[in-house]
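Notes follow once the structure below has been shown.
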Amino acid sequence: MKRASRFEKNAATREPRWVKGLLLFLSLSFFGFFLLLPLISVFAQALHKGWEVYLKAIFEPDALTAIKLSLTVALIAVPLNLVFGVAAAWAITKFDFKWKQLLITLIDLPFSVSPVIAGLVYVLVFGAQGWLGRGLAEHNIKIIFAVPGIVLATLFVTFPLVARELIPLMEAQGREEEEAATVLGANGWQTLWKVTLPNIKWGLLYGVILCNARAMGEFGAVSVVSGHIRGYTNTIPLHVEILYNEYNFAAAFAMASILALLALLTLAIKTYIEWHLRLETESKPLSMEANNETDL
Amino acid sequence: MKPNETMLRIRKPTRNNQLFPGFGLSLGFTLVYLALIVLIPLSAVVLKASTLNASAFWETVTAPRLLASYRLSFGAALMAGLINSIFGLMLAWVLVRYNFFGKKLVDSLIDLPFALPTAVTGIALASLYSKNGWVGRYLEPLGLKVAFTPLGILMALIFIGLPFVVRTVQPILEDLELEYEEAASSLGATRWQTFRFVILPTLFPAILTGFALAFARSVGEYGSVIFIAGNIPLVSEITPLIIITKLEQYDTAGATAIAVVMLFISLLLLLLINGLQAWTAKRTGRNL
């Protein structure tokens, strides 16, 4: 807020009033039309037929199974990607090694792979005609068209989220505090628990929450591996798709509104964390300097 | 191209690596997990494709229906990226430079497309632009059909790509000191000239990075598009949907062939984005 006023008060860095008005009008209309309107319509359509229909759609048995499955998948996928995120960020930011940049690029890879391909790769490995397909069938293990496949596809899609949140943060914080801890005789785990994790807790929290929202809402990849077995391998987004295709719009939007609420909660927590981080940086002005010294 | 684990471990640290424990453990775990979840499954696609007959492969990936889908996916992604670059720059500008009512809220909600599941976006847009929808009912009498046409796909891709340019440009704009603009102004530049010749060149790498990120995401997008696209072959059928159709027909080979083409394009885009990010960092001294 303060920065914006600085620019607005200075005649040299200020646009004419009509330019400012036009820019505000255009950008906020764009925002309202393309982003806000779809969001509002989710809730409006969900409650279109009243609370009774809304609640009935959510507490219907198939819906409850879908919610339970989405929660289960997130409960497995998020901790695994959390441990990976901390390990990857620790290796990348606390040590120098060759091909670090390649490693970072590979961690980002799932972001640029189509979710449909993310599902397909597991079909090729575990599916009936896949590498391990025959062996799995002999032992009666089902991965594709079953819960393990859904978990794997979700792991793939949400793979970089925690690491991506932590790497820039730990890079910015530098290594000084960990070095001090080590010199004072702390071992690796103590340094991680008592120094690093408390420093990155807010970024970590956001990474976990975003990972959770994406894990519960993944559609493309999960849709390839799930087989759409109602009441068994349907996650919330797949259930939304089925209801929508059956023209049961009120119920589809009711289920969708749960995911939309989760997304809004994610953004609210993110805003809170950013506000918190800003307070911390303002009270610790030195950390900004450490920032510039330890660039990649 | 996978970094060899033992080689990384043997390589002597260059700078105070000795101080910290856990290098082998953390890097080892990272590489094993990366290989298990991402690299080995992805290599399955490439290996499977290499067993395909070359001419059959070529015939599959150049079928008229696929060529139409590439044109559609790339064309729509390009258009959406351009629109988002212009409005994304505007939004970033407004958020950094102006004070207005609800600014905090707008700033927080920009990230919504990152957090909102694609299926939710998909059904919301499809119902908005349908014949009886909030927007569709006003557009349809004007002869403008959005739902079940390529225009609908564009709408979905604009939503999906909206945060990218805003979020790449915003930090650079925040770091921009007002002294440069004061200098330009005192040397007689108009406000437009200052923007065009001082500010825009600094922001350009970031805009391009945001564009490329949005483009890469849009090309492979599935969930938000299929509900509104109508999925008519040759007209409004996107490439990822053809992969799904082939899989449903048990044509694993065909699905794999198309997937390889898409993966190859994604890799190219990823390399491009990395280059752009390096350029941005060099230009502005800031990592994105």
Side-chain angles (χ1 to χ4, degrees), chain A residues 1 4 7 10 12-13 15 20 23-24 26-27 30-31 34-35 38 41-42 45 84 87-88 90-91 94-99 102 105-106 109-110 112-117 120-122 124-125 129 155-156 159 179 182 188 213 217 219-220 237 240-241 244 252 256 259-260 263 266-267 271, chain B residues 3 8 11 14-15 17 19-23 26-27 29-30 33-34 37-38 41-42 44-45 48 87 90-91 94 97-100 106 108 111-112 115-120 123-125 127-128 158-159 162 178 181-182 185 191 216 220 222-223 240 243-244 252 255 259 262 266 269-270 274:
Chain A
M1 289 284 169
F7 281 100
N10 192 328
T13 54
E15 290 80 40
K20 178 184 167 183
L23 285 176
L24 276 171
L26 284 176
S27 59
F30 181 78
F31 172 85
F34 282 99
L35 207 141
S41 86
V42 171
Q45 302 244 29
F84 161 74
W90 178 268
K94 300 298 169 209
F95 304 96
D96 301 301
F97 52 91
K98 214 186 168 188
W99 290 347
L102 177 66
T105 307
L106 287 177
L109 192 60
S112 47
V113 171
S114 172
V116 170
I117 296 178
L120 172 73
V121 297
Y122 290 108
L124 291 179
V125 176
Q129 300 156 11
L155 274 176
F156 185 102
F159 179 84
E179 276 168 10
T182 312
F219 176 70
V240 168
E241 185 195 20
Y244 188 84
L259 293 172
T266 307
L267 295 183
T271 309
Chain B
L8 286 172
R11 186 160 294 279
T14 47
R15 192 172 57 146
N17 266 4
L19 250 171
F20 297 115
F23 179 56
S26 60
L27 187 65
F29 179 77
T30 302
Y33 191 72
L34 176 72
I37 301 293
V38 180
L42 272 182
V45 179
K48 170 90 188 174
F87 284 95
M90 244 188 248
L91 268 168
V94 161
R97 292 293 173 99
Y98 301 148
N99 290 319
F100 56 91
V106 173
S108 315
D111 282 331
L112 184 72
L116 194 68
T118 52
V120 177
I123 63 166
L125 291 174
S127 76
L128 267 184
I158 290 176
F159 180 92
L162 197 144
L178 79 167
E181 292 163 50
E182 283 177 338
S185 155
R191 191 70 189 130
Y222 174 71
I243 297 183
I244 295 224
T252 319
M262 289 194 68
S266 307
L269 283 169
L270 195 63
N274 265 302

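Given the structure is predicted, the values throughout are model-derived calculations rather than measurements. Chain letters run A, B, ... following the sequence lines, proteins first and then strands; every chain starts at 1.
Looking at A/Glu15, both its backbone and its side chain come within 4.5 Å of chain B, counting heavy atoms on both sides. For a residue to count as touching a neighbouring chain, one of its non-hydrogen atoms must lie under 4.5 Å from one of that chain's; by this rule A/Phe159 touches chain B with the side chain only. When heavy atoms are compared at a cutoff of 4.5 Å, A/Tyr122 approaches chain B solely by way of its side chain, counted from C-beta outward. Proximity to chain A is limited to the side chain of B/Asn274, based on heavy atoms less than 4.5 angstrom apart. Contact annotation for A/Val116: only side-chain heavy atoms (C-beta onward) come within less than 4.5 Å of a heavy atom of chain B.
Taking all atoms of both residues into account, the shortest heavy-atom contact from B/Phe23 to A/Ala91 is CE1-O, 4.5 Å. The shortest heavy-atom contact between B/Leu116 and A/Ala260 is CD1-CA, 3.6 Å. Heavy-atom minimum distance, A/Ser41 versus B/Ala124: OG-CB, 3.8 Å. Contact between A/Phe219 and B/Gly223 at its shortest, heavy atoms only, is CD2-CA, 3.4 Å. In terms of heavy-atom proximity, A/Phe95 sits nearest to B/Ser26 at CE1-OG, 4.4 Å. Residues A/Val125 and B/Ala44 approach most closely at CG2-CB, 3.7 Å, considering heavy atoms.
Between B/Thr30 and A/Trp90 the shortest side-chain heavy-atom distance does not fall below 4.5 Å. Residues A/Leu106 and B/Val38 form no side-chain contact, since every pair of their non-hydrogen atoms from C-beta on lies 4.5 Å or further apart. Put simply, the side chain of A/Leu259 reaches to within 4.5 Å of the side chain of B/Pro117, judged on heavy atoms. For the pair B/Tyr98/A/Lys20, a side-chain contact is recorded, criterion being any heavy-atom separation below 4.5 Å from C-beta on.
Among B/Met262, B/Glu181, B/Met90, B/Arg191, the residue making the largest number of heavy-atom pairs under 4.5 Å with chain A is B/Arg191. Between chain A and the residues B/Leu125, B/Leu42, B/Leu269, the most heavy-atom pairs under 4.5 angstrom are made by B/Leu42. Among B/Pro41, B/Gly22, B/Ala255, B/Ala259, the residue with the largest count of heavy-atom pairs under 4.5 Å with chain A is B/Pro41. Note: A/Leu267 leads A/Leu267, A/Thr266, A/Leu26, A/Leu120 in heavy-atom pairs under 4.5 Å with chain B. Among B/Ile244, B/Val120, B/Ile37, B/Val94, the residue with the largest count of heavy-atom pairs under 4.5 Å with chain A is B/Ile37. Here B/Tyr33 is the residue among B/Phe159, B/Tyr222, B/Tyr33 with the most heavy-atom pairs under 4.5 Å with chain A.
A donor-acceptor contact shorter than 3.5 Å is absent between the side chain of A/Ser27 and the backbone of B/Leu91. Formation of a donor-acceptor pair under 3.5 Å by the B/Ser266 side chain with backbone atoms of A/Ser112 is found in this model.
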Using the ring pair (Phe, Tyr, Trp, His ring centres under 6.0 Å) rule, take A/Phe34 and B/Phe87 through it: C-alpha gap first, then chi angles, then the decisive distance, then the call.
CA-CA 11 Å; A/Phe34 282 99; B/Phe87 284 95; 7.7 Å; no
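Rounded to the nearest 0.5 angstrom, A/Leu35 CG and B/Ile158 CD1 are separated by 11.5 Å. Taken from NZ in A/Lys94 to CG in B/Leu27, the straight-line distance is 15.0 Å, to the nearest 0.5 Å. Rounded to the nearest 0.5 Å, atoms CD1 (A/Ile117) and CD1 (B/Ile243) are 4.5 Å apart.
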